[in-house]
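Here is the structure we will look at, set down as structure tokens.
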Amino acid sequence: MTRRSLSASCSLQRQGSAWQGGQAHSYPESGNENAAAADLLLNAALARWTASVSPAAMAVAYADWLCHLALSPSKQQHLLLQAADSGQRWLHYVEQALRPGLPGEPQPAIEPLAQDRRFEEAPWQRWPFNAISQGFLLQQQWWHRATSGVRGVSRHHGEVVTFTVRQMLDWLAPSNFIATNPVVLDAVLQSGGACLLNGAQKAAADIWRGITGAGADAPPAYAPGRNLALTPGTVVLRNHLIELIRYAPATPKVHAAPLLIVPAWIMKYYILDLSPHNSLVRYLVEQGHTVYIISWRNPDAEDRELSMEDYRQQGVMAALDAITAQSGARRINAAGYCLGGTLLAITAAAMARDGDTRLASVTLLAAQVDFTEPGELSLFVDESEVSFLEAGMWERGYLDTRQMAGAFQLLRSNDLIWSRRLREYLLNLPAVDSDLMAWNADATRMPYRMHSEYLRNLFLRNDLANGRYQAGGRAVALTDIETPFFAVGTLSDHVAPWRSVYKLLLLADADVTFLLTSGGHNAGVVSPPGETGRVYQIATHHEDTAYIDPDSWHACVEQHEGSWWPAWAEWLARLAGPLGDPPPPGPVLGEAPGTYIFQR
């Protein structure tokens with residue numbers, strides 16, 4: 001019996017039985033509801049003071065590290081020797097810096113990491129600030145060695161300790177304080193202290209807005225409908241969860257198969273339709289594709305019961321049904337970004353299981369289907385952290401935008417937190433505005449049930465990769481998908497590390513074209529042609545060829561200059577069918593970018 005006939009047979013047996021569909025969800029208040037509610041209220045109150053970081057999780061991680069460090073005399077000896085060596089190198093550097101008559105600058109005791117630009121400006125080479133910065137970098141290096149490589153510490157606990165210690169050191173860096181930052185001191189002298197006074201006023205205004213939730217006095221420099229999300233189109237479907245936008249054709253002829261884009265619901269969809277010059281949607285329309293995109297509703301407390309299955313059915317499946325009915329297309333290409341890509345993969349697996357053959361291809365943009373190595377976001381995801389987070393969501397009915405935004409900012413605290421405060425509060429420099437930064441600040445909420453299911457079923461249990469994830473009450477497997485995949489990973493992605501995205505090759509029985517591009521989770525995807533400094537690698541893994549590990553792949557695949565968009569467009573065109581007249585317009589429920597995009 002073939003795989004297809006076996007699947008159909010099992011389906012018929014289930015339909016003929018009293019089998020109950022649906023995926024059960026275990027709420028933290030299940031059981032003794034009165035006692036559980038008291039526990040949840042306590043945890044929710046505590047979460048407001050700890051930014052939803054579980055004290056229990058932190059205590060266990062540090063206890064694991066400290067106990068094993070105490071049981072590792074060789075590690076202790078190594079750290080003592082490292083401390084002595086660092087001290088000797090720093091003293092040698094100070095001696096060089098203080099000795100007059102030496103040609104050139106003293107040789108540094110340590111070089112900062114490539115991405116660390118805190119001490120690169122010329123004033124940091126003056127005494128005593130050069131010695132202060134060198135001492136800090138040596139201390140930072142020592143603490144990294146102290147918190148990593150301790151025998152017996154669990155990998156997760158070790159990463160948590162290393163990450164939190166790095167956050168504390170970033171906070172205590174000499175660049176963050178007036179007395180130890182020569183750039184700030186120079187600005188104070190030049191402005192007569194006005195930079196600090198004006199910066200303090202900005203800080204007070206930001207704090208007040210954070211407390212009250214009030215918006216900025218001046219209109220934002222970038223806003224959807226004004227200078228963002230401008231690609232012409234119409235809303236052709238609206239339900240409680242989505243608006244489906246169809247973009248107007250930009251060419252006389254279009255490909256037969258439309259393209260549906262499923263963005264992540266954690267942020268607004270217009271990351272893929274930013275300014276006209278870097279809009280992926282506009283680029284695809286100009287290549288002759290009929291593009292549809294989902295705009296997710298921003299849920300509130302009344303939506304606490306929305307589930308992952310609701311997002312699949314009312315989101316992706318509703319969009320596919322509308323596209324099929326309105327365009328008459330028999331085949332549809334689909335692309336998913338970040339969480340939207342994960343949901344698209346689940347949907348494609350369920351469609352393959354059920355014999356729904358409408359998908360011509362599946363593209364995953366910085367999206368994971370295996371969560372064994374999910375990157376630094378996993379630092380915030382273990383049983384203790386998820387339970388603690390659930391308490392806060394249980395109280396509100398949703399995950400607050402500030403909580404998720406704060407987690408992402410911590411992953412790049414030097415760039416997104418401390419450097420911003422240095423520029424705006426100490427140097428009184430204007431805020432750096434860009435379309436991408438405006439989009440990044442436009443966060444959305446997430447329903448309690450859906451986010452709990454996502455964290456538990458995917459992050460904690462990795463059900464999708466292990467064939468346990470259920471859609472429509474039945475398990476799905478990515479191996480059922482026979483349509484070709486196109487997967488994009490980005491080199492410096494903190495959210496979906498490219499090696500994790502690459503794991504699709506281990507789970508798919510179809511051809512997978514994998515593309516690795518420079519940049520991060522957002523800037524790597526938003527990579528229009530014409531920008532300098534962009535590179536990418538691309539190769540297709542056929543289902544009957546041997547597996548290549550990601551590092552070997554990275555080392556041997558040819559590198560190309562420029563944007564990856566044309567390479568994807570060429571691949572997509574081969575699967576989009578012949579060119580012909582655009583399909584008839586669907587019902588017009590409003591003009592793009594719709595209404596859900598403006599929900600706060």
Side-chain angles (χ1 to χ4, degrees), residues 25-31 36 39-40 42-69 147-168 266 308 338-339 342 368-396 398-400 402-413 446-466 468-469 493-497 499-500 503:
H25 179 74
S26 178
Y27 287 98
E29 64 266 31
S30 301
D39 296 344
L40 288 164
L42 171 63
N43 281 268
L46 185 58
R48 288 195 290 270
W49 292 96
T50 65
S52 294
V53 175
S54 168
M58 290 295 106
V60 170
Y62 273 86
D64 188 3
W65 169 63
L66 287 170
C67 287
H68 285 93
L69 183 60
T147 57
S148 58
V150 179
R151 188 173 183 272
V153 178
S154 78
R155 178 179 177 179
H156 177 67
H157 290 159
E159 290 174 345
V160 167
V161 171
T162 299
F163 178 80
T164 53
V165 167
R166 188 174 79 236
Q167 297 303 314
M168 287 186 281
I266 193 173
M308 283 286 290
C338 189
L339 303 186
T342 306
Q368 300 173 94
V369 293
D370 184 308
F371 290 82
T372 52
E373 297 177 301
E376 288 188 325
L377 276 180
S378 64
L379 298 170
F380 304 99
V381 184
D382 58 23
E383 184 61 44
S384 177
E385 286 287 0
V386 171
S387 297
F388 200 66
L389 186 64
E390 282 176 333
M393 293 193 296
W394 169 83
E395 183 183 42
R396 296 188 187 94
Y398 56 82
L399 181 69
D400 187 65
R402 289 176 295 182
Q403 292 175 260
M404 187 55 64
F408 282 112
Q409 285 180 339
L410 283 175
L411 298 181
R412 295 178 56 205
S413 59
M446 284 185 282
Y448 165 41
R449 177 174 178 177
M450 182 282 300
H451 198 52
S452 178
E453 290 176 343
Y454 172 74
L455 292 176
R456 290 191 174 278
N457 297 337
L458 295 173
F459 261 92
L460 282 183
R461 294 198 287 261
N462 202 24
D463 284 349
L464 180 58
N466 289 297
R468 295 190 299 263
Y469 192 91
D493 198 329
H494 295 276
V495 179
R499 291 176 179 82
S500 182
K503 287 180 181 292

Considering all heavy atoms of both residues, which atom of [X] and which atom of [Y] are nearest to each other, and what is their separation?
X	Y	answer
N462	F371	OD1-N, 2.8 Å
Y448	E390	CE1-O, 3.8 Å
M393	L399	SD-CB, 3.8 Å
L46	P55	CD2-CG, 3.8 Å
V495	C338	CG1-SG, 4.5 Å
V153	H68	CG2-CB, 3.6 Å

**Request:** Could you tell me whether a side-chain N or O of S500 sits under 3.5 Å from a main-chain N or O of P374, the two making a donor and an acceptor?
**Result:**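 No: the side chain of S500 does not pair with the backbone of P374.
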**Asked** Hey, is the main chain of R461 close enough, under 3.5 Å, to the side chain of R468 for a donor-acceptor pair?
**Response**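 Here the side-chain-to-backbone pair exists.
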**Item:** Criterion side chain to side chain contact (heavy atoms under 4.5 Å, CB included) on R456 and S387, from CA distance to verdict
**Value:** CA-CA 10 Å; R456 290 191 174 278; S387 297; 3.4 Å; yes
**Item:** Results of salt bridge (Lys or Arg N to Asp or Glu O under 4.0 Å) for E385 - residues two or more places apart only
**Value:**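 Scan of E385 (salt bridge (Lys or Arg N to Asp or Glu O under 4.0 Å), adjacent residues dropped) gives none.
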**Message:** If we count only N and O atoms by modelled type, under 3.5 Å, do the side chains of T164 and Y62 hold a donor and an acceptor together?
**Reply:**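 Their side chains do contain a donor-acceptor pair, which is all the 3.5 Å distance test asks for.
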**Message:** Testing the 3.5 Å rule here: is there a donor-acceptor pair between the side chains of S384 and D382?
**Reply:**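 No.
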Please examine the side chains of [Y] and [X], heavy atoms only from C-beta on, and report whether any two atoms are closer than 4.5 Å.
X	Y	value
M446	Y454	no
W65	H157	no
K503	V369	no
L460	E383	yes

Give, for atom [atom1] of [X] and atom [atom2] of [Y], the distance between the pair rounded to the nearest 0.5 Å.
X	Y	atom1	atom2	value
D370	T342	CG	OG1	10.5 Å
H451	F459	NE2	CZ	8.5 Å
L389	S54	CG	OG	10.5 Å

